[in-house]
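In what follows, a single structure is set out as structure tokens and then discussed.
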Amino acid sequence: MTKNSLKNGPDEFGYYGEFGSRYAPEILMPNLIELEEAFNDAINDKKFLDEFNYYLKEWIGRPNPLYYAEQLTKKVGGAKIYFKSDHLNHLGAHKGNNALFQILLAKRMGKKKVLCETGAGAHLIATAAACAFKDLPCIGYMGRDDIFLQSTNVLKAKLFGAKVIECVDGTGEKGVLKDACTSVLKAWSSDPDAFYCCGSAIGPHPFPRIVQYAQSVIGKEIKEQILEKEGRLPDAICACIGGGSNLIGAIHEFLDDKEVKLYGVEPEHSAALTNGTVGIMQGFKSFMLQSETGDSTLATQSLASGINFYSAGPEHAYLKKIKRVNYTHVSDKEAFDAFQLVCKTEGILIAFEPAFAVGYGIKLAKEMGKDKLLVLNICGRGDKDIDTAERILGDKLE
Amino acid sequence: MTKNSLKNGPDEFGYYGEFGSRYAPEILMPNLIELEEAFNDAINDKKFLDEFNYYLKEWIGRPNPLYYAEQLTKKVGGAKIYFKSDHLNHLGAHKGNNALFQILLAKRMGKKKVLCETGAGAHLIATAAACAFKDLPCIGYMGRDDIFLQSTNVLKAKLFGAKVIECVDGTGEKGVLKDACTSVLKAWSSDPDAFYCCGSAIGPHPFPRIVQYAQSVIGKEIKEQILEKEGRLPDAICACIGGGSNLIGAIHEFLDDKEVKLYGVEPEHSAALTNGTVGIMQGFKSFMLQSETGDSTLATQSLASGINFYSAGPEHAYLKKIKRVNYTHVSDKEAFDAFQLVCKTEGILIAFEPAFAVGYGIKLAKEMGKDKLLVLNICGRGDKDIDTAERILGDKLE
Amino acid sequence: MAEVIRTLILRREFWEINLSDRIKKIFKNLKEKNNKALISFSVAGFPDDQTSLEICKVLSDSGVHIHELNMPHAEAQADGPIIQLANIKSIKKGINLDKIFMIAEKLRLHNPNLGICLMGYLNNIFIYGIEKFAEKANKAGVDALICVDLPADVKEEKQIRDALKKVGISLIKLITPTTNENRIKEITMDAESFIYSVNLKGITGVKTVQVNEANQQIDRIKKYTNLPIVSGFGIKNPQDAKEIAKSNCDGVVVGSQIVKYIQENIDDKNLPQKVGSYVKTFVEVLK
Amino acid sequence: MAEVIRTLILRREFWEINLSDRIKKIFKNLKEKNNKALISFSVAGFPDDQTSLEICKVLSDSGVHIHELNMPHAEAQADGPIIQLANIKSIKKGINLDKIFMIAEKLRLHNPNLGICLMGYLNNIFIYGIEKFAEKANKAGVDALICVDLPADVKEEKQIRDALKKVGISLIKLITPTTNENRIKEITMDAESFIYSVNLKGITGVKTVQVNEANQQIDRIKKYTNLPIVSGFGIKNPQDAKEIAKSNCDGVVVGSQIVKYIQENIDDKNLPQKVGSYVKTFVEVLK
Ligand SMILES: Cc1ncc(COP(=O)(O)O)c(C=O)c1O
Ligand SMILES: Cc1ncc(COP(=O)(O)O)c(C=O)c1O
């Protein structure tokens, strides 16, 4: 551990500066402590890390390419654009890196049951699949609206043998990711023997740290690959941010490389880091889109369910505070245009989530100049989004 | 070229033994000859091959893992089962290898438009995507019934900018893959300046050879990977067969390795190689499920649209004749059970097509004994099949 | 860690002098009569500000010893659907801490002997301002605070404890079946007024209680503290309360059952009185 | 390749002696009168065996010089939807080569001077047996065969040529706008009776013809052969036929239009007669 490195993770109490730690009910505290210890033990166990790396390679299919998006670069006419291709992962998103890690950890801890929350369903199918192949029962909590919108992911999870539980908010009127988060924390409180596999770099400590650790494979690969291809570090890395796992995964390796500019792109109408205030909910302290009294979250909206979240992980709150990462946002329309552009120029169907990174990345690339290198993190494929795309395009799709 | 090697491809007239060659209308002959010459030229051009290999790596995401399916192996209790993971490819199937190759070839030939046929849509989306990133217009021919069944693939192709044309049989009553094949040959006859990108190891010479060449990357990787992992060749390789491209791709590298047993698995009700007779249709001679008079094909049926075809490529007819490959078939039910088993044991959602290979592979593994190595070719992911799975499982899916 | 424990010990000494007198007296009196405390629970602002105050008053008139007044939070992680719905309804009607303090103050004026305990989640307090919260709570006559998501491990725990200490309000600690010996030791070291012992693994309002389990839990705690222990979670009817009262606890919490009862009788004109009669059925069995 | 060409040259010599006399005579006669041949087309067994025979008869009575009798194939790669539908309907009614030979034979008996040309795809012949096909065709009085998917490049081409040669039936070759000079040279070397020149890039029955294009194509062929050349594909009405007849061709093929006309009048009791009158409108313009 290097002193003053931004890569050191949270302090011993689970804080990133003033953010993070574990604001959890007492019933969960022993679990969180047990988990923290198990995690620290595991990452010092070469056999465990070998197992993780083995399955990253053999099951997830890593390393995935750092793809030079030549056609897009030409079209945009600015910095040289690279795609980090997590859309090629098994199960179609970066979520598998983390689910795999945590399920291996659950197995190592001797846990007998797994709970998880999900928004768009990406984390659910990743967890369900990892549970299937490690023979653990899996129960997924998912908002009612998301179940409806992402029905194919629900189906996939069921084929992997998972049970899916519908979640609603307190009124019972709707249910989205935050309701799934609240529900899974409740369920875990009722069933503290279970393992809770958290899907993003959020939640009470040690989850943000665990998720960051598991996802950092993305940035490690970027570094290795860009050095091989270009002989130098990129000038900028840009990723979308919901909870913040793909972003932290992509940038963690570069946090101390001050010459690399880092960008996190939120949806315009769920831009917690740009427009939020500091709050404490669902176990962690961070920027949040919340009511003035702090007694509830504000309704958010995004084309991409996976990043439609009222907050973002605590490490991001810290990186914003110290200005290491630039957090910004683009509109649904910009993201959708980027989604279509990538289809047409690169023959790659990206998910709506990374389309936000591309939407901003296009603007960034133009400003950067042709001798610069820009890495966009393509954290998922868009198979799940084509019905929505069809609805939006309507007759224009001929 | 080694003398008497089974890897030499067809003879100079395009025949594999008595099978294959180009039974094409005169209007297409100059194109086929031009294509053959362009192909032979291209595969002797290091720059072209480098480009193909570059995009195989960077765009398709190859090499994909040769994954030891440990849980399935344990469950089955026989040979050690490996999965060749083409389900991890960009676009979700082996079809991308071939589409990429042919579109690069089309570009090299200066062609200005691309036609293709498709069954399940896998070849369509692969061709559409490759055309998008090589900036060529793409027109896909697809049976009306398949358009209905595989509507998401149609949507994807459209997002990549392709046009999709609905095909029916002569009566206008239904439309499946063979009707798309007939329609695309007609369209090509009307528009011989276009490039026809054939999706399987079928059609008039040189298509079976081109497709085999492009797909052989699968088997080359298998060989390298199994030697690395096990220090020896596998005892058997098993793949499903529709037109025969994934099978020939997986086994071509092993054709001269007589100690490696090779298996091609057809659907019970479209088992051309097991139950067909020799015939000549759609430009090639092979085994076919055809009427007694040879004036029409017989209706076929399969859970997996991609292998629901009345014939199979001519090289397979030859390999059957000389008994180098064992062609066999399994039922829809066996395949569907295998599909579910792989979901539950390995957390991998395979396509229905390779589920036929797994269905037979399970039986094979049991017979083979624990010291043997069996490679199953997982040629596609099952995202496209979950609606059907849901329909089949109904209430059982909870 | 050693340092943390040292701080805890220092705090403890400080606390021995500054304990909230009212609650101490309540338990002392009950102990003398060999009786158990009844702790009731309601959601501030539900079904509306005025009615929720009336309910509190009637509860205090009906023989309840301590009342927990819940500060609504929409994403309550450790509450069941009954309380959560009441929370949201109250939030929609515009509840906030200032209004809650008004309710508490009026309740204090109505009954100078009732133990008044605010209950809720940290964020409301954090956003309001910790110092300001403590002052206002004190002015309103509040005796104690239960903060669900405020383990000793987070920064705000000390801040809140210190702020409350200044004004003589106790921070009530929860102990659950998953809390291990070590942690019980630390928590009890830090605890004030009474310990809230959770009987069940799980969230409020969903399971039924068993006296054996409750006793196991209480016995684990008694090893480390002489503070009164109240037993909560899962008490569905007077029978349950009677059962639990047989345990070694010093009091029994009736929580979501009261909220459920309010919910079910929400259109009744005499709602507060009905709730009062309902709670009396619990008071009776504890006599 | 050299060897292939040598074989072709050998064959050509052989062919000079064995040319089908009837078709040779037809073109010779027309040439003398400075007239062009009208080649009609119908699908055997469509709408049924008997009617399809009657149609052939009436066509031959109406002044047609050569008739192409189509052997139905369901996956016809080079036919448009009109012919394909007729093919399938005929197949569904049970057409087969034996029945087709019966139709041809009856047509031959009806008209000893008509050029009768079978047309179709290789598989029907391949499955039937090549030798047997040649014998039966000969017995039925067939003069020529057009096989759409039988380029010189495939094995069966020589087999069929040889088998037909034995019985004096010619194998008609197609030349299309994409056929390059070299290939035209080879194909004409191999050709018998007449050359079928395809005017359009494309399948039958979908586009309209232009006389310039047709001439370009014919001129390319004339460089290599003195055989008569018939121009086909895309002739939609007598006007088209008249246009094309202005070109250097020796005959005009009316194909899918006749099938379409049959299709449109399928319920008419006097269908064959109607088809006859229809074809006469083409005959007229060619006079
Ligand atoms: C494809 C994809 N990208 C991004 C996200 C956002 O999550 P995070 O910010 O944790 O990367 C999700 C979440 O479901 C996702 O599915
Ligand atoms: C996933 C998949 N597997 C297999 C096939 C069968 O084709 P082939 O036999 O050419 O590999 C297809 C065809 O669409 C397919 O999509």
Side-chain angles (χ1 to χ4, degrees), chain B residues 11-15 18-34 36 167-173 178-179 181-194 203-205 277-285 288 290-298 310-311, chain D residues 1 4 71-81 83-92 94-99 120-128 147-157 173-180 182-183 187 196 198 200-204 206-207 233:
Chain B
D11 67 21
E12 60 175 315
F13 303 103
Y15 281 100
E18 69 191 279
F19 303 102
S21 198
R22 44 184 161 231
Y23 296 85
E26 175 56 27
I27 190 131
L28 293 179
M29 289 306 295
N31 291 46
L32 293 169
I33 293 166
E34 181 199 11
E36 184 184 1
C167 308
V168 288
D169 69 2
T171 64
E173 280 161 22
K178 74 149 180 68
D179 304 302
C181 290
T182 294
S183 299
V184 77
L185 286 170
K186 276 185 198 177
W188 197 24
S189 299
S190 296
D191 195 1
D193 294 334
H205 178 67
T277 52
V278 178
I280 298 160
M281 282 199 239
Q282 300 186 326
F284 64 102
K285 188 195 279 185
M288 299 181 169
Q290 58 181 333
S291 67
E292 267 178 47
T293 59
D295 58 12
S296 47
T297 61
L298 299 180
Y310 73 96
S311 183
Chain D
M1 209 44 166
V4 173
M71 306 175 286
H73 185 76
E75 304 305 329
Q77 298 168 48
D79 290 308
I83 293 175
Q84 211 191 341
L85 182 61
N87 278 346
I88 301 236
K89 287 190 173 171
S90 172
I91 289 169
K92 286 209 171 151
I95 194 71
N96 59 35
L97 277 175
D98 287 327
K99 289 182 185 171
Y121 288 78
L122 176 58
N123 201 39
N124 302 31
I125 301 168
F126 174 77
I127 299 277
Y128 192 79
C147 189
V148 176
D149 55 349
L150 187 75
D153 320 52
V154 303
K155 288 179 180 169
E156 288 77 4
E157 205 257 4
K173 292 269 145 181
L174 283 88
I175 290 178
T176 77
T178 63
T179 315
N180 64 21
N182 252 343
R183 223 176 142 77
I187 290 172
Y196 194 126
V198 177
L200 296 165
K201 288 190 187 177
I203 49 173
T204 62
V206 284
K207 292 179 188 161
F233 280 42

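By convention in this document, chain letters (A, B, ...) are assigned in the order of the sequence lines, proteins followed by strands, and residues within each chain are numbered from 1. Only heavy atoms go into these numbers, but all of them, side chains included; no hydrogens, no water, no symmetry mates.
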message: Is there a side-chain contact between B:Thr182 and D:Gln84 in this structure, where contact means two heavy atoms from C-beta onward sitting under 4.5 Å apart?
response: yes

- request: Specify which of D:Leu174, D:Ile95, D:Asn87, D:Leu97 makes the most heavy-atom pairs with chain B at under 4.5 Å.
  value: D:Leu174

- prompt: Is a side-chain donor or acceptor of B:Asp295 paired with a backbone partner of D:His73 at a separation under 3.5 angstrom?
  reply: no

query: Is there a donor-acceptor pair closer than 3.5 Å between any side-chain N or O of D:Thr178 and the backbone N or O of B:Ile27?
result: yes

field: Heavy-atom side-chain proximity of B:Pro25 to D:Gln77 below 4.5 angstrom
entry: yes

task: Tell me, for D:Lys92 versus chain B, whether the close heavy atoms (under 4.5 Å) come from the side chain, the backbone, both or neither.
output: side chain

query: With B:Ser183, which residues qualify under side chain to side chain contact (heavy atoms under 4.5 Å, CB included), at least two apart?
result: B:Tyr141, B:Cys167

task: Against chain D, label B:Lys178 side chain, backbone, both or neither, depending on which of its atoms sit under 4.5 Å from a heavy atom there.
output: both

- line: Looking only at heavy atoms, the pair that brings D:Ile127 and B:Gly294 closest together is CG1-CA, 3.8 Å

- prompt: Is the shortest side-chain N to carboxylate O distance from B:Glu26 to D:Arg183 below 4.0 Å?
  reply: yes

message: Which atoms of B:Glu292 are under 4.5 Å from chain D, going by heavy atoms: the side chain, the backbone, both sets, or neither?
response: backbone

query: Which bit of D:Asn124 comes within less than 4.5 Å of chain B, counting heavy atoms only: side chain, backbone, both or neither?
result: both

- prompt: Side chain, backbone, both or neither: which part of D:Phe126 has an atom under 4.5 Å from a heavy atom of chain B?
  reply: side chain

- prompt: Heavy-atom distance under 4.5 Å to chain D: side chain of B:Glu173, backbone, both or neither?
  reply: side chain

- prompt: Does any non-hydrogen side-chain atom of B:Ile33 lie less than 4.5 Å from one of D:Asp153?
  reply: yes

field: Side chain, backbone, both or neither of B:Val278 within contact of chain D (heavy atoms, under 4.5 Å)
entry: both

message: With rounding to the nearest 0.5 angstrom, report the CE to CG distance, B:Met288 to D:Asn123.
response: 6.5 Å

query: Of the listed residues (B:Thr297, B:Asp169, B:Ile280, B:Asn31), which shares the most heavy-atom pairs with chain D below a 4.5 Å separation?
result: B:Ile280

query: Between D:Thr176 and B:Met29, is any pair of side-chain heavy atoms under 4.5 Å apart?
result: no

task: Flag the pair D:Asp149 / B:Met281 as yes when at least one side-chain heavy-atom distance between them is below 4.5 Å, and no otherwise.
output: no

query: Is D:Lys155 salt-bridged to B:Glu18, cutoff N-O under 4.0 Å?
result: no

- prompt: Relative to chain B, which segment of D:Ile125 carries a heavy atom at a distance below 4.5 Å: side chain, backbone, both, or neither?
  reply: neither

- prompt: Which atoms of D:Ala86 come close to chain B, meaning under 4.5 Å heavy atom to heavy atom: side chain ones, backbone ones, both, or neither?
  reply: neither

message: For D:Leu122, which atoms come within 4.5 Å of any heavy atom of chain B: side chain, backbone, both, or neither?
response: side chain

- prompt: Taking every heavy-atom pair that is under 4.5 Å apart, which of D:Asn180, D:Val148, D:Ile187, D:Leu150 has the most such pairs with chain B?
  reply: D:Val148

message: So, using salt bridge (charged side-chain N to carboxylate O under 4.0 Å, His left out) as the criterion, who are the partners of D:Asp98 when residues are at least two apart?
response: D:Lys136

